[in-house]
Amino acid sequence: MQKTEMKNLVWFRNDLRTTDNTVLHEACKTGNKIIGVYCFDPRHFEIDKFGFKKTEKFRAKFFIETIHDLKEQLHQLNIDLLVFQDLPETVIPKICEEHHITDIYLQKEWTKEEVDSEKLVKSKTEHLNWHHINNQLLFHPEDINFEIAKTPQVFTMFRKKLEKYVDVRQELITEKQVEDNRIENNTIIPKLADLGFKDFEMHPHSAFPFKGGETEGLSRLNDYFFNTKKLGFYKKTRNGLIGVDYSSKFSPWLANGSISSRTIYWNVKKFEKEHFKNQSTYWLVFELIWRDYFKYVSMKHGNQIFKLEGILQKDYDWSTSQTKIDKWINGETQSDFVNANMNELKETGWMSNRGRQNVASYFAKELELDWRIGASYFESLLLDYDVHSNYGNWMYVAGVGNDPRDRKFNVQLQAERYDATGKFRSIWLQPSLF
Ligand code: FAD
């Protein structure tokens with residue numbers, strides 16, 4: 001590549017958007033030339049210590065779609081996205097040298113794998129200026145009214161400290177760059193086969209029949225909020241199990257950062273102004289606070305969230321019976337409700353929140369299996385895998401996290417309550433569907 005005057009490199013990871021992206025905004029503000037880089041990191045497709053592929057085909061496809069859209073959105077801002085299927089520590093130092101990069105901008109992460117990967121890149125680019133920027137929270141860490149080390153142990157306390165006292169910052173708009181910012185870009189976005197997967201069709205019963213990418217995420221928001229006004233019924237429907245609209249389905253876009261929680265928040269406010277305000281509009285924000293909560297919990301406790309004893313440091317007798325694990329994964333347990341949910345996950349990469357609570361509780365409390373194995377299986381399969389929400393929720397349900405009550409779900413009663421007619425089970429227990 002020819003020598004240019006470029007200076008800033010934006011390393012995209014879990015912030016795959018142009019709307020309200022603080023990292024991109026800060027990099028653009030400098031007036032320096034900018035290039036974007038995204039790596040399909042081979043480590044994300046390896047087998048983990050429990051035998052699961054870290055990323056299965058559902059999320060892999062979603063990521064590919066997301067990167068196609070990100071490239072297009074950046075193109076419209078006159079910014080190029082270089083895409084590689086390689087290790088960041090191999091690619092980024094080379095790009096920095098070729099393009100005379102002086103500054104690297106990236107979203108601040110604090111979990112082990114993300115930090116380890118950064119360290120490897122840093123060890124080869126120590127002379128550059130690194131800018132780690134908060135870009136994934138609703139409540140900015142500089143605005144909160146407590147130290148992170150003092151993040152409340154109980155969600156209600158956390159919420160009460162924030163929702164009335166801390167303002168959510170405004171969304172950011174990134175201006176189009178001048179045209180000569182563009183570079184020659186011959187990089188190619190990998191296909192599913194390049195990542196080791198066969199092409200597949202979305203299951204006809206999937207509750208998440210959407211594609212990856214900022215454009216699709218924003219269109220879902222527009223549809224759920226403004227076209228259909230389903231937001232106004234969210235609190236009544238959010239425990240549903242079937243179909244597209246019982247909940248927002250924002251999580252896969254939120255997880256890889258193709259939509260920001262601030263964008264969702266400010267659109268709730270817009271909806272409340274233009275239409276109406278009720279318990280449902282409040283409740284969607286309430287759930288976004290749960291999302292922030294698990295992020296603050298992981299900031300506070302660091303790698304403890306991945307440990308068997310969790311942040312409560314509780315010792316239980318955990319089993320690792322492969323037979324029991326396989327039965328759970330394959331929908332062959334004693335509970336038809338658990339089985340239906342597990343089949344849905346295996347076939348679609350999606351499971352409702354109600355389903356997740358039940359199957360996780362069954363795994364940890366009924367089968368008494370090492371909860372980290374269940375969490376790793378979720379990590380592999382889920383379209384919306386998010387390290388903080390996944391490990392935080394799993395610890396919570398397994399009784400080693402933030403729930404002081406240490407509850408066990410009665411899956412039979414839950415099925416009677418949330419699948420009274422048996423319709424959900426009839427969909428996901430039909431052998432002909434698979
Ligand atoms: P909605 O009900 O429409 O809620 C809106 C948003 O609020 C969600 O998109 C999500 O960002 C947030 N939210 C809602 N509930 C929770 C919650 N309990 N914890 C944190 N954030 C929440 N969520 C993930 O995004 N990634 C995960 O890897 C993940 N793993 C989970 C594992 C277990 C065992 C359990 C019980 C829950 C897990 N969740 C996870 C939380 C929750 O189930 C999903 O966020 C939710 O089902 C996504 O659907 P939705 O976007 O339609 O949510």
Side-chain angles (χ1 to χ4, degrees), residues 14 54-56 58-59 62 111 136-138 155 158-159 207-208 210 217 220-221 224-225 230-231 233-265 267-268 280-298 305 310 328 338 341-342 344-345 348-365 371-403 407 409 414:
N14 287 318
K54 278 184 83 62
T55 308
E56 262 299 345
F58 303 110
R59 201 161 70 252
F62 196 75
T111 36
Q136 53 177 307
L137 293 153
L138 191 60
F155 170 71
F158 174 84
R159 175 175 58 80
F208 191 88
F210 305 105
R220 167 65 183 168
L221 184 149
Y224 190 72
F225 283 14
K230 293 268 166 61
L231 169 63
F233 305 94
Y234 169 71
K235 188 152 186 271
K236 292 202 180 89
T237 58
R238 55 181 280 274
N239 279 310
L241 302 165
I242 304 170
V244 176
D245 285 334
Y246 60 80
S247 63
S248 74
K249 307 287 162 61
F250 292 152
S251 54
W253 293 290
L254 277 166
N256 73 18
S258 40
I259 196 166
S260 78
S261 57
R262 282 199 305 222
T263 293
I264 299 172
Y265 175 87
N267 274 288
V268 172
S280 288
T281 58
Y282 166 72
W283 214 264
L284 196 89
V285 174
F286 178 98
E287 293 298 340
L288 290 176
I289 302 176
W290 266 107
R291 178 177 177 271
D292 257 30
Y293 177 57
F294 285 123
K295 289 187 185 286
Y296 276 97
V297 164
S298 84
I305 67 166
W328 180 77
V338 168
N341 277 291
M342 293 306 294
E344 181 188 22
L345 178 62
T348 67
W350 179 264
M351 192 192 291
S352 67
N353 184 54
R354 185 53 42 193
R356 296 181 202 199
Q357 310 257 3
N358 275 278
V359 304
S361 174
Y362 192 85
F363 188 88
K365 294 286 175 65
W371 65 271
R372 296 167 310 162
I373 303 173
S376 292
Y377 181 66
F378 266 36
E379 172 168 353
S380 174
L381 269 282
L382 279 179
L383 275 161
D384 66 10
Y385 167 68
D386 168 276
V387 57
H388 320 282
S389 287
N390 194 49
Y391 285 86
N393 272 290
W394 267 96
M395 278 196 304
Y396 193 96
V397 177
V400 296
N402 301 82
D403 189 355
R407 292 173 296 170
F409 279 78
Q414 290 271 309

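Note that ligands are numbered from 1 as they come in the structure, with each ligand's atoms numbered from 1 the same way. Note that the numbering runs from 1 along the sequence shown for the chain.
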Specify the protein heavy atom at minimum distance from [atom]: its residue, its atom name, and the distance to 0.1 Å.
{"atom": "atom 20 (C) of ligand 1", "value": "S389 OG, 3.5 Å"}
{"atom": "atom 50 (P) of ligand 1", "value": "K249 N, 3.5 Å"}
{"atom": "atom 26 (N) of ligand 1", "value": "D384 O, 2.8 Å"}
{"atom": "atom 53 (O) of ligand 1", "value": "S248 OG, 4.1 Å"}
{"atom": "atom 30 (N) of ligand 1", "value": "N390 OD1, 3.2 Å"}
{"atom": "atom 6 (C) of ligand 1", "value": "L288 CD2, 4.1 Å"}
{"atom": "atom 19 (N) of ligand 1", "value": "N393 ND2, 3.0 Å"}
{"atom": "atom 12 (C) of ligand 1", "value": "E287 O, 3.4 Å"}

Going by heavy atoms, is R238 under 4.0 Å from ligand 1? no
I want to confirm something. Looking only at heavy atoms, which of [options] is nearest to [atom]?
{"atom": "atom 28 (O) of ligand 1", "options": "V285, V387, D386", "result": "D386"}
{"atom": "atom 36 (C) of ligand 1", "options": "R220, M395, R356, K235", "result": "R356"}
{"atom": "atom 4 (O) of ligand 1", "options": "F208, F250, W290, Y234", "result": "Y234"}

State yes or no: are the ring centers of F286 and F155 separated by less than 6.0 Å? yes
Validation row, ring centre F250 to ring centre F225 under 6.0 Å: yes
Side-chain contact test, heavy atoms from C-beta onward, threshold under 4.5 Å: evaluate it for M351 versus V359 and give yes or no. yes
Looking at side-chain heavy atoms only, is the closest gap between V297 and Y391 below 4.5 Å? no
Tell me the contacting part of Y396 for ligand 1: side chain, backbone, both, or neither, using a 4.0 Å heavy-atom threshold, strictly below. neither
Any N or O on [X] sitting closer than 3.5 Å to an N or O of ligand 1?
{"X": "F378", "result": "no"}
{"X": "S247", "result": "yes"}
{"X": "N353", "result": "yes"}

Residue [X] vicinity, atoms of ligand 1 by number, heavy atom under 4.0 Å:
{"X": "A360", "answer": "34 (C)"}
{"X": "W350", "answer": "48 (C), 49 (O)"}
{"X": "S251", "answer": "9 (O), 25 (O), 48 (C), 49 (O), 51 (O)"}
{"X": "F294", "answer": "19 (N), 20 (C)"}
{"X": "L254", "answer": "9 (O), 11 (O)"}
{"X": "R291", "answer": "11 (O), 20 (C), 21 (N)"}

Can you tell me if [X] uses its side chain to pair, donor with acceptor, with the backbone of [Y] under 3.5 Å?
{"X": "D292", "Y": "L138", "value": "yes"}
{"X": "W394", "Y": "G401", "value": "no"}
{"X": "S261", "Y": "L288", "value": "no"}
{"X": "R59", "Y": "E379", "value": "yes"}

I need the N353 CG to S247 OG distance, nearest 0.5 Å. 8.0 Å
To the nearest 0.5 Å, tell me how far T55 OG1 sits from Y385 OH. 9.0 Å
For T348, which residues count as a side-chain contact (heavy atoms from CB on, under 4.5 Å) partner, sequence neighbours excluded? H203, S206, E344, W350, W428
Only residue of F158, Y396, Y296, W283 satisfying ring-ring contact (aromatic ring centres under 6.0 Å, His included) with W290 is Y396
So which pairs with a foot in residues 242-254 pass salt bridge (Lys or Arg N to Asp or Glu O under 4.0 Å), sequence neighbours left out? R220-D245, K230-D245
